[in-house]
Amino acid sequence: VQLQASGGGLVQAGGSLRLPCAASVRTFSSYVMGWFRQAPGKEREFVAAISWRGGSTYVADSVKGRFTISRDNAKNTVYLQMNSLKPEDTAVYYCAASTVLTRRGNEYGYWGQGTQVTVSS
C-alpha cells in the first residue's frame with residue numbers, strides 16, 4: 001500500500017483546508033484509513049479515522065466539530081476537511097492505513113509521507 005497525502009499549505013486562523021490522501025492499492029475498501037499529525041517537538045497524535053466503507057468515524061476531541069474525515073472508495077482516496085483552523089493545528093499531517101478501526105498509531109502498518117499545514121494567527 002502506497003499513500004500520498006497532499007493539500008497542505010499556509011492558511012490564516014479561521015480558514016479551511018482539505019487534505020486528500022490517495023492510495024495505490026487494489027483493495028482500498030479493505031483498509032481503515034486514519035489521519036495523524038505531529039507538531040515540532042511534540043509526539044504524533046491521532047486526528048481521525050474512518051471505517052472500511054465509511055460507516056463509522058473516530059475524531060479526536062481536540063478537532064471535534066471542526067475536522068471531518070471522509071472517503072471515496074471508487075477513487076481510492078480519503079479526505080480530511082479542516083475548518084475553523086487554529087494556530088495549534090500547525091503540524092505535519094500524515095495519512096495511514098490499518099486493518100482495524102483504531103486510534104492507536106502503532107496499529108497502522110502503512111503511512112504516507114506527510115503534508116505540512118501551517119496556521120498563522
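We're numbering straight along the sequence, starting at 1.
Interatomic distance, Cys21 SG to Gln4 CD, rounded to the nearest 0.5 Å: 8.0 Å. One distance of note links CE of Met82 with CD1 of Ile69; it measures 12.0 Å at 0.5 Å rounding. Separating the OG atom in Ser98 from the CE atom in Met33 is a distance of 10.0 Å, to the nearest 0.5 Å. The line from CD of Gln12 to OG of Ser120 is 5.0 Å long, rounded to the nearest 0.5 Å.
Using a distance-only test at 3.5 Å, with no hydrogens or angles considered, no donor-acceptor pair links the side chain of Ser29 to the main chain of Thr27. The backbone N or O of Val119 lies less than 3.5 Å from a partner atom in the side chain of Thr90, making a donor-acceptor pair. Between the side chain of Ser51 and the main chain of Ser56, a donor-acceptor pair closer than 3.5 Å is present. Arg71 contributes a side-chain N or O that, together with a main-chain N or O of Phe28, makes up a donor-acceptor pair within less than 3.5 Å. Within the 3.5 Å criterion, the main-chain N or O of Ala49 finds no donor-acceptor partner in the side chain of Thr57.
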Inset, instruction - List the steps and the verdict of side-chain contact (heavy atoms from CB on, under 4.5 Å) for Val117 and Leu19. - result: CA-CA 9 Å; Val117 172; Leu19 306 183; 4.1 Å; yes
Inset, instruction - Step by step, work out the ring pair (Phe, Tyr, Trp, His ring centres under 6.0 Å) result for Phe36 and Tyr94. - result: CA-CA 5 Å; Phe36 294 78; Tyr94 299 89; 8.8 Å; no
Inset, instruction - Could you walk me through whether Val92 and Thr115 pass side-chain contact (heavy atoms from CB on, under 4.5 Å), step by step? - result: CA-CA 5 Å; Val92 178; Thr115 185; 6.0 Å; no
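In terms of hydrophobic clustering, with Ile, Leu, Val, Met, Phe, Trp and Tyr side chains grouped at heavy-atom distances under 4.5 Å, Tyr110 and Trp52 are assigned to different clusters. Phe67 and Phe46 end up in different hydrophobic clusters when Ile, Leu, Val, Met, Phe, Trp and Tyr side chains are linked at under 4.5 Å. Neither Trp111 nor Tyr31 shares a network with the other; the hydrophobic side chains, linked directly or stepwise wherever heavy atoms of I, L, V, M, F, W or Y lie under 4.5 Å apart, form separate groups for each. When hydrophobic clusters are built by joining Ile, Leu, Val, Met, Phe, Trp and Tyr residues whose side-chain heavy atoms come closer than 4.5 Å, directly or via intermediates, Leu17 is not grouped with Leu10. Linking ILVMFWY residues whenever their side-chain heavy atoms come closer than 4.5 Å, directly or via other members, leaves Leu3 and Val32 in distinct clusters.
Under the 4.5 Å side-chain criterion, counting only non-hydrogen atoms from C-beta, Trp35 is not in contact with Ile50. Looking at heavy atoms from C-beta onward, Leu80 lies out of side-chain contact with Arg18 at the 4.5 angstrom threshold. In this structure, Tyr93 and Gln116 have side chains that are not in contact, with every pair of non-hydrogen atoms separated by 4.5 Å or more.
Within a 6.0 Å radius of CZ in Arg104, no more than 12 heavy atoms belonging to other residues, nucleotides or ligands are found. The number of heavy atoms from other shown groups lying within 6.0 Å of NZ (Lys64) is above 12. Around atom CD of Gln2, no more than 12 heavy atoms belonging to other residues, nucleotides or ligands sit under 6.0 Å away.
Each of Thr99, Asn106, Val100 was scored for a side chain to side chain contact (heavy atoms under 4.5 Å, CB included) with Thr102, with one residue passing: Val100.
Scanning all heavy atoms of the two residues, the minimum distance from Pro87 to Ala13 falls at CD-CB, 4.1 Å.
Checked by atom type, the side-chain pair Asn83/Ser16 shows a donor-acceptor distance below 3.5 Å.
Under the salt bridge (charged side-chain N to carboxylate O under 4.0 Å, His left out) criterion, Arg37 pairs with Glu45, Asp89, sequence neighbours left out.
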